[in-house]
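Predicted, not measured: the structure shown is a model, and the values here were computed from it.
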Amino acid sequence: MTEQSSDKPMFYDPTERRIRSFVTRAGRLSVAQARAIEELSPRFCVPYKKALLDLDRSFDRPAPTILEIGFGMGDSTASIAASMPDRNFIGVEVHTPGIGSLLKLIGEQKLENLRIIQHDAVEVLTHMIAPGSLAGAHVFFPDPWHKARHNKRRLIQPPLVALLASRLAPGGYLHCATDWEEYAVQMLEVLGGEPSLRNSADGYAPRPAYRPVTKFENRGLRLGHGVWDLVFDKTA
């Protein structure tokens, strides 16, 4: 079973006359999620603005910053942030239950190195993240849009990859993962076609130790499904 990321591929929304990177889905907030939003969002959620974000000020410290697009319910995001206290993490997500879930984890685990932006990832990258300012970017298990007529809706397309690459500092990295083989092939082609990125492996990469195995991934592995990681480095 695919763990679907909330940020979906870019497509034109005629009601807003702009490119969007996601499809809005309804979802219910649990009591715990609603409480976490009420109590913790003023501290850990960064409002979207068409202005560059001061990363050091947002975290009250200078540290390498990694941005994740579409963190779902936030379990992996919280786990990675907890394992790397010397790094700062920004999670971009549009769905409120996922925001509440990650805020709940932040509170439970007392994580200080995580911030959340609830907005379209393309606009966040375009307007809030300065070129060359990120140490890394994560896109884990985005929706595969497995029907051929829907492939154009996939998130990992040349325009987004070029935008992400422009926000990476030299030596930074872009890490994508999928459990849909045909999408993995497309990811490898798209990432390989971005001239400022270099594949860190000969094809697909071994799963980096920092990326935890999710419950969906474990279920798929038990059923014999594959998972493909791609890690590309920014060269210049």
Side-chain angles (χ1 to χ4, degrees), residues 1-8 21-48 53 55 58-59 63-125 128-129 134-144 155 164 174-179 207-220 227 229:
M1 180 176 180
T2 301
E3 181 185 14
Q4 296 183 352
S5 167
S6 296
D7 271 37
K8 302 291 195 324
S21 68
F22 60 90
V23 175
T24 302
R25 295 193 303 267
R28 287 187 177 179
L29 277 174
S30 70
V31 173
Q33 290 167 357
R35 183 183 302 116
I37 289 174
E38 180 180 359
E39 295 176 355
L40 299 176
S41 63
R43 180 176 178 187
F44 294 100
C45 289
V46 177
Y48 169 75
L53 183 64
L55 296 176
S58 295
F59 289 92
T65 300
I66 296 167
L67 181 142
E68 180 176 3
I69 297 178
F71 56 73
M73 300 308 284
D75 300 86
S76 293
T77 308
S79 175
I80 294 171
S83 72
M84 297 183 182
D86 59 330
R87 297 199 168 202
N88 294 333
F89 292 86
I90 298 174
V92 181
E93 177 61 74
V94 295
H95 293 94
T96 304
I99 303 293
S101 177
L102 182 53
L103 284 169
K104 181 173 176 287
L105 293 169
I106 287 172
E108 291 172 348
Q109 300 181 33
K110 297 180 172 54
L111 299 174
E112 297 292 336
N113 61 333
L114 240 174
R115 298 294 182 269
I116 297 170
I117 302 176
Q118 187 173 13
H119 198 74
D120 172 19
V122 172
E123 292 199 338
V124 170
L125 287 165
M128 297 187 71
I129 306 301
L134 297 176
H138 296 165
V139 186
F140 297 152
F141 303 101
D143 193 316
L155 180 63
L164 276 168
L174 172 57
H175 179 185
C176 300
T178 182
D179 59 358
R207 178 180 63 85
Y210 61 77
R211 184 178 75 74
V213 179
T214 70
K215 62 181 179 180
F216 299 100
E217 186 176 351
N218 262 325
R219 186 183 307 165
V227 175
D229 286 84

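Scanning both residues, Gln118 and Val94, for their nearest heavy atoms gives NE2-O, 3.1 Å. Scanning all heavy atoms of the two residues, the minimum distance from Asp86 to Ala63 falls at O-CB, 3.6 Å. Of all heavy-atom pairs between Gly100 and Ala36, the closest is O-CB, 3.7 Å. Looking at every heavy atom in both residues, Arg211 comes nearest to Ile80 through CA-CD1, 4.4 Å. The minimum heavy-atom distance linking Ala78 with Leu114 is given by the pair CA-CD1, 4.2 Å. Between Ser76 and Thr214, the closest heavy-atom pair is OG-CG2, 3.3 Å.
No donor-acceptor distance shorter than 3.5 angstrom exists from the side chain of Glu93 to the backbone of Ile117, with no hydrogens or angles considered. Checking side-chain atoms of Arg115 against main-chain N and O of Ser58 turns up a donor-acceptor pair under 3.5 Å.
Here the straight-line distance linking atom OG1 of Thr65 with atom CD1 of Ile129 works out to 8.0 Å at 0.5 Å rounding. With rounding to the nearest 0.5 angstrom, the CG atom of Leu155 is 5.5 Å from the CD1 atom of Ile69. The distance from atom CG of Leu67 to atom CE of Met128, rounded to the nearest 0.5 Å, is 10.0 Å. Taken from OH in Tyr210 to CE in Met84, the straight-line distance is 6.0 Å, to the nearest 0.5 Å. In this structure, the separation between CD1 on Ile90 and CG on Asn113 is 11.5 Å, given to the nearest 0.5 Å. Expressed to the nearest 0.5 Å, how far OG1 of Thr77 lies from CZ of Phe140 amounts to 8.0 Å.
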- [ ] Please step through side chain to side chain contact (heavy atoms under 4.5 Å, CB included) for the pair His175 and Arg207, ending with a clear verdict.
- [x] CA-CA 10 Å; His175 179 185; Arg207 178 180 63 85; 5.8 Å; no
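Within the 4.5 Å cutoff, the side chain of Asn88 has no heavy atoms near those of the Ile66 side chain. Cys176 places none of its side-chain heavy atoms less than 4.5 Å from the side chain of Asp229. Residues Ile116 and Ile106 meet the side-chain proximity criterion, which asks for heavy atoms closer than 4.5 Å.
The side-chain contact (heavy atoms from CB on, under 4.5 Å) test applied to Gln33 returns Leu29, Ser30, Met73, Pro97, Ser101, not counting sequence neighbours.
Note: His138 and Phe71 fail the aromatic proximity criterion, with ring centroids not under 6.0 Å apart.
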Kindly list each side-chain donor-acceptor pair under 3.5 angstrom involving residues 38-46, sequence neighbours excluded, with atom names and distances?
| from | atom 1 | to | atom 2 | distance (Å) |
| --- | --- | --- | --- | --- |
| Ser41 | OG | Ile37 | O | 2.5 |
| Arg43 | NH2 | Glu112 | OE1 | 2.4 |
| Arg43 | NH2 | Glu112 | OE2 | 3.0 |

